[in-house]
Participant: 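Here it is, the structure, as structure tokens.
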Amino acid sequence: MPARPHVSASMYKRMPSRDGANSVDLEDDSEFLQDDMVQEYSDPPSRHSLPHVLVASIVSFLFGYHLGVVNEPLETIAHDLGFNGNSLAEGLVVSTCLGGAFIGSLFSGWIADEFGRRRTFQLCALPMVIGAVCSATTSNLSGMLVGRFIVGIGLGIGPPVASLYITEVSPPSVRGTYGSFIQISTCLGLLGALLIGIPVKSIPGWWRVCFWLSTIPATVLALAMIFCVESPHWLYKRGRNTEAEVEFQKLLGPANVRSAMAELLNSDRGDENDSVKISELIYGRHCRVVFIGSTLFALQQLSGINAVFYFSSSVFRSAGVSSNLANAFVGIVNLFGSFIALLLMDKLGRKVLLLWSFFGMAVSTVFQVIAAGLFSSTSGALYLSVGGMLMFVFSFAIGAGPVPGLLLSEIFPSRIRAKAMAFCMSVHWVFNFMVGLLFLRLLELMGAQLLYAMLGTFCLVGVAFVKRNVMETKGKTLQEIEIALLPQE
């Protein structure tokens with residue numbers, strides 16, 4: 001553990017807690033810090049926080065891997081476990097994980113606030129290991145469903161905390177870039193599941209290996225978190241100011257400790273340890289930012305991205321492309337778009353990427369509508385369909401995919417950040433489940449043209465909503481964003 005600077009040690013000698021008796025001293029220290037804040041501040045080196053961000057991104061890799069691990073082996077799993085030809089059972093193997101994720105997301109905020117970000121990562125790794133082992137060793141459908149549900153609980157807890165943690169440990173100048181690691185890791189997880197699943201039809205029982213392999217990154221996550229920093233924002237909320245200062249030094253370097261602590265003191269508005277009630281999120285003073293967050297996640301899912309992923313194989317097959325190659329195309333385009341988002345997030349900003357992303361998805365649905373109106377056997381229809389599909393995935397990957405999770409963890413005030421993220425992620429899982437459940441049924445009832453037109457309409461609603469309600473957070477500290485969105489009463 002690095003030695004703490006002498007001036008900082010004296011600075012906090014009167015701050016053992018943030019309760020009543022020390023409130024005057026806190027205000028004095030806050031004024032003292034703010035006087036010197038501009039003089040001491042320098043752009044924090046990003047290399048200090050990078051290792052911690054990479055470890056946190058393992059959660060997103062697991063998220064992508066477990067969403068994709070059953071896609072290729074599903075037919076073999078159904079044959080080996082005795083439910084071959086049962087479409088309901090096959091659907092449950094996929095969707096049970098989403099149900100578990102919804103349950104986990106409901107508790108993620110409370111766990112993150114109660115036990116800290118670092119321990120929450122370790123706790124979310126536990127059900128991922130247990131569930132994967134259960135799925136890998138089962139001999140019947142029930143065991144598979146139980147394993148998938150347990151894994152889902154871990155997936156519901158982990159991703160919201162990953163967004164929180166990366167936002168809270170990253171310097172403002174690279175917070176968007178580091179936030180893009182979440183989407184990139186998810187893409188790598190999906191691609192990893194695809195590649196590992198390729199031998200499943202030629203090697204008996206290979207699907208069990210696919211589940212066993214997922215325990216390795218989950219174990220690495222739990223162990224690596226021992227060596228990572230705790231979020232200074234969480235430590236400060238718990239009144240552990242000296243520890244927060246030490247962690248800031250590891251993340252930002254000694255020169256920026258005082259300015260970082262000054263920002264925290266400046267953002268302190270009342271007792272941060274008060275419990276946050278659901279009513280406060282829905283219709284209290286925080287309802288506006290929670291409404292923005294929930295709507296962004298709802299529009300992300302209503303764009304139909306997961307349905308497009310599901311439907312992509314049949315679109316490519318109609319063009320004479322195998323399902324494995326189709327999934328590879330979609331995965332590579334998704335990954336490429338995520339890298340573009342990483343490069344542009346802190347240059348163009350979150351709002352610009354969101355606007356162009358929703359607009360690009362809307363344009364791509366126009367191609368799909370035109371293609372659906374042509375005879376499916378014509379080459380023009382096939383080119384439009386495949387091109388529209390890839391354009392949709394790319395447009396999603398540069399904005400609507402990575403931005404909401406990052407943006408929400410930035411715009412929520414520190415006091416409600418964990419619980420508000422959990423609330424919005426539960427909205428995400430509900431809409432994710434609904435779209436996956438209803439897409440094929442709506443396709444049968446409405447036809448491809450009308451369905452894609454509806455998805456395009458939701459994308460245009462997303463453009464209007466972002467333009468009207470989303471503020472740009474590029475380069476701003478979390479405290480500056482909090483003050484801008486939630487002025488003092």
Side-chain angles (χ1 to χ4, degrees), residues 61-98 100 128-129 131-152 155 185-218 305-335 376 382 385-386 389-390 393 436 439-440 443:
F61 176 87
L62 286 163
F63 176 76
Y65 186 89
H66 280 292
L67 288 183
V69 71
V70 297
N71 287 353
E72 190 62 29
L74 186 56
E75 184 179 334
T76 307
I77 293 172
H79 179 270
D80 291 353
L81 299 185
F83 58 92
N84 196 23
N86 187 338
S87 59
L88 176 61
E90 292 179 0
L92 284 173
V93 171
V94 176
S95 61
T96 300
C97 188
L98 302 180
M128 292 189 199
V129 172
V133 171
C134 185
S135 295
T137 57
T138 188
S139 58
N140 53 59
L141 174 61
S142 299
M144 175 61 68
L145 296 181
V146 169
R148 293 289 287 165
F149 184 82
I150 294 173
V151 163
L155 295 183
S185 299
T186 302
C187 296
L188 290 174
L190 286 165
L191 279 175
L194 167 67
L195 295 174
I196 291 170
I198 288 175
V200 73
K201 292 182 180 178
S202 56
I203 303 178
W206 181 258
W207 61 268
R208 297 184 186 275
V209 176
C210 296
F211 284 109
W212 277 115
L213 288 175
S214 70
T215 64
I216 297 174
I305 182 61
N306 287 311
V308 167
F309 280 135
Y310 180 86
F311 198 50
S312 62
S313 294
S314 61
V315 172
F316 277 94
R317 274 199 303 271
S318 65
V321 181
S322 69
S323 60
N324 279 341
L325 194 56
N327 291 331
F329 271 127
V330 171
I332 290 170
V333 169
N334 195 16
L335 183 61
S376 58
L382 294 177
S385 185
V386 171
M389 183 76 66
L390 295 179
V393 172
F439 179 77
L440 290 179
L443 185 63

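Keep in mind the model is a prediction, meaning the values are calculated, not measured.
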Participant: Mind checking the CG-CZ spacing from Leu145 to Phe83? Nearest 0.5 Å is all I need.
Facilitator: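 The distance works out to 7.5 Å.
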Participant: Verify, without hydrogens or angle tests, whether Thr138 (side chain) and Ser135 (backbone) share a donor-acceptor contact under 3.5 angstrom.
Facilitator: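 Checked: no pair found.
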Participant: How long is the straight-line distance from CD1 of Ile77 back to CG of Asn84, given to the nearest 0.5 Å?
Facilitator: 11.5 Å
Participant: So Leu98 and Leu67, do their side chains get closer than 4.5 Å, heavy atoms only?
Facilitator: yes
Participant: Give me the atom names and distance for the closest heavy-atom approach of Leu81 to Ser139.
Facilitator: CD2-C, 3.6 Å
Participant: With a 4.5 Å heavy-atom cut-off, do Val69 and Ile196 have their side chains touching?
Facilitator: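 A side-chain contact under 4.5 Å is absent here.
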Participant: Check whether any side-chain heavy atom of Trp207 sits under 4.5 Å from a side-chain heavy atom of Val70, and report yes or no.
Facilitator: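 No; the side chains remain at least 4.5 Å from each other.
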Participant: Once rounded to the nearest 0.5 Å, what's the spacing between atom CG of Asn334 and atom CG of Leu191?
Facilitator: 8.0 Å
Participant: Can you name the nearest heavy-atom pair linking Arg208 to Ala136, along with the distance?
Facilitator: NH1-O, 2.8 Å
Participant: Do the side chains of Val151 and Phe211 get nearer than 4.5 Å, heavy atoms only?
Facilitator: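 A side-chain contact is absent here, since even the closest heavy-atom pair is not under 4.5 Å.
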Participant: Restricting to pairs with a member in residues 209-218, which pass side-chain hydrogen bond (donor to acceptor under 3.5 Å, both in side chains), not counting sequence neighbours?
Facilitator: none
Participant: Measuring from Leu155:CG to Cys97:SG, what's the distance to the nearest 0.5 Å?
Facilitator: 4.5 Å
Participant: At their closest point, which heavy atom of Val146 faces which heavy atom of Cys134, and how far apart are they?
Facilitator: CG1-SG, 4.2 Å
Participant: Mind listing the closest non-hydrogen atom pair of Ser202 and Pro204 along with its distance?
Facilitator: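 Of all heavy-atom pairs spanning Ser202 and Pro204, the closest is O-CD, 3.7 Å.
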Participant: Which heavy atom in Leu141 sits nearest to a heavy atom in Ala89, and how many Å separate them?
Facilitator: CD2-CB, 3.8 Å
Participant: Measure across Ala193 and Gly68 and return the closest heavy-atom pair with its distance rounded to 0.1 Å.
Facilitator: CB-C, 3.7 Å
Participant: Roughly how far, to the nearest 0.5 Å, is CD of Glu75 from CG of Asp80?
Facilitator: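 Those atoms lie 10.5 Å apart.
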Participant: Let me confirm one number: the CD1-OG1 distance from Ile203 to Thr76, rounded to the nearest 0.5 Å.
Facilitator: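 Ile203 CD1 to Thr76 OG1: 11.5 Å, rounded to 0.5 Å.
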Participant: Give a yes or no answer on whether the side chain of Arg148 reaches the backbone of Ser95 with a donor-acceptor pair at less than 3.5 Å.
Facilitator: no
Participant: Using the rule given for side chain to side chain contact (heavy atoms under 4.5 Å, CB included), can you reason through Tyr65 versus Cys210, listing the C-alpha separation, both sets of side-chain angles and the distance that settles it, and then say yes or no?
Facilitator: CA-CA 10 Å; Tyr65 186 89; Cys210 296; 4.0 Å; yes
